[in-house]
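Atoms within each ligand, like the ligands themselves, are counted from 1 in listed order. One is the number of the first residue; the rest follow in order along the sequence.
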Amino acid sequence: MGSWMHAILVVGAGFAGAVHARELAEHGWRVDVIDRRTHIAGNAYDEVDATGVRRHTYGPHLFHTSNERVMVWLRRFSAFVPYEHRVSALVLRLERCLPLPVNRTTINAVFGQSLGSADEVRAFLSRIAVSHPAPRNAGEYLESRIGRELTDLFFRPYTRKMWALDLEQMPASVVQRIPIREDDEDRYFPGDRHQCLPAGGYAELIARILDHPAIRISLGTPFEKRMSRGYAACFTSMAIDEYFDQALGPLPYRSLRFHHRTEPARYALGGTMQVNFTDASIYTRQSDWSLLPGHVVRATGCKTVTLEEPCADTDNNMERYYPVKTADGGPQALYERYRALAAGEPSLHFIGRCGTYRYLDMDQVINQSLQNVRAWLGLRDDADEQRAAS
Ligand code: UDP
């Protein structure tokens, strides 16, 4: 590693690290980026496999945002193709796949109703809803919106598999990621103005973000504390508890094991790219990469379908994918104690999903990174300027 004072060390070549590196490089800094993996792009990494299909190595990454600043920034590096994500949930009891988010079609099928309008759906939902005037957790929130049967069917076993926690142990924010619809809307991210994928994949997008003469990348390079010596600052996307050798105890994360299956190219379960399994089996969902635009790179007659099996990070080689939030705030409180430790090292900055221990989407990571760099550089943030102008 170099050791010039006008250089910065960025740990992790995922979205958080790449955005930091690029912005710092464009503002005159030399940047060394290291990553312990042998590829860039972090968990957004994708690759074309033997069936000719581009698959997302660490699970589906479906870009969506209403943040114009983020979209404009990304478009500097890649074209984007429109893709509106739809999910179906396999309900074994009914032997069919139903739309998720829960919408009019879902409700009519589950309850054998023929509700014709959003008003009728609203009235029906208010009849089956359970009163929880101030929901304290994901279970109470869902029951207060869609009643017990839909909660138990679509959310209870899935959440248990995903987090190894009951809905009552989780905060509402985790399930509020998914809308509840009274109409026929079946898109997973209906509220977002931009729903699209980088035309050449995420690995190519991030390679272009990192492609700057002042950025040097070292892959297969695990972080060691001595490496940050001599740098003006270190921005790290590593897990904050890992940096401190878990001195205050481990922060919990969920991980995923991926099971790839080769299938004939013709067949598609549910007809949607993603199918969620509502039952208590070990898998949460499957992704059929061939149904994403531009993802059949070579036609081979076959395709890869990937199933996800959630597990603890401790059971998967410490691969940390999801910070765990609980209704009682335990992990969040532990994170705050780590944050206080980090405040003692002013040139060290934790970034991204694992560094800031937040369940962030890609656009939020990019936005957080842009804000963070600009604050560090002492620049006025674009978002502030937009607010001031409006
Ligand atoms: N969820 C569920 N059933 C589903 C889909 C989601 O219970 O069929 C819950 C589950 O707790 C999940 C959360 O909603 O972790 C957020 O789902 P999302 O699809 O946003 O998860 P991600 O794509 O981030 O893994």
Side-chain angles (χ1 to χ4, degrees), residues 15 43-44 56 58-65 83 85-94 96-103 106 110 135 137-143 145-146 148-181 186-192 195 252-258 269-270 272-287 292 306-313 319-327 331 352-354 358-365:
F15 267 115
N43 286 352
H56 302 184
Y58 304 94
H61 282 68
L62 308 155
F63 190 78
H64 58 100
T65 193
Y83 169 69
H85 190 48
R86 289 182 170 78
V87 174
S88 33
L90 177 63
V91 180
L92 291 178
R93 170 160 69 80
L94 300 173
R96 61 184 281 204
C97 286
L98 293 173
L100 191 78
V102 168
N103 69 7
T106 321
V110 170
N137 54 56
E140 290 186 359
Y141 162 75
L142 286 167
E143 287 183 359
R145 293 289 313 275
I146 56 174
R148 233 162 242 153
E149 188 163 347
L150 292 170
T151 299
D152 289 351
L153 188 55
F154 291 99
F155 293 93
R156 198 168 288 286
Y158 187 105
T159 294
R160 178 101 214 134
K161 289 187 277 192
M162 177 65 208
W163 300 99
L165 292 170
D166 287 323
L167 284 170
E168 285 67 26
Q169 296 171 286
M170 304 220 63
S173 61
V174 172
V175 293
Q176 281 168 340
R177 294 167 55 83
I178 307 171
I180 292 164
R181 301 295 304 200
D186 61 352
R187 291 173 303 167
Y188 211 59
F189 310 115
D192 279 322
Q195 301 176 42
Y253 296 86
R254 292 297 279 172
S255 193
L256 298 171
R257 286 195 198 101
F258 299 99
L269 175 66
T272 47
M273 180 274 173
Q274 185 180 320
V275 177
N276 287 10
F277 303 118
T278 58
D279 61 325
S281 67
I282 60 171
Y283 303 118
T284 41
R285 61 188 177 187
Q286 78 163 41
S287 299
L292 291 176
T306 303
L307 289 104
E308 292 172 39
E309 177 194 359
C311 58
D313 56 348
E319 290 270 345
R320 300 166 169 96
Y321 297 158
Y322 294 85
V324 179
K325 260 185 156 181
T326 60
R353 217 188 229 208
C354 287
R358 291 174 61 200
Y359 188 177
L360 299 172
D361 288 334
M362 288 180 282
D363 65 325
Q364 295 172 311
V365 168

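- Heavy-atom contacts from other residues, nucleotides or ligands closer than 6.0 Å to CZ of R148 number 12 or fewer.
- For the pair R257 and Y283, the cation-pi criterion (under 6.0 Å, within 45° of the ring axis) is not fulfilled.
- With sequence neighbours excluded, no residue forms a ring pair (Phe, Tyr, Trp, His ring centres under 6.0 Å) with F277.
- Under a 4.0 Å N-O distance rule, the pair R156/E149 does not qualify as a salt bridge.
- Between Y321 and F258, the ring planes are tilted. Angles from 30° to 60° get that label.
- Salt bridge annotation for R160-D166: present, with a cationic side-chain nitrogen under 4.0 angstrom from a carboxylate oxygen.
- Residue-level contacts of ligand 1 at the 4.0 Å heavy-atom threshold are L100, F154, F155, Y158, T159, M162, W163, V174, V175, R177, I178, Y188, N276, R285, Y322, Y359.
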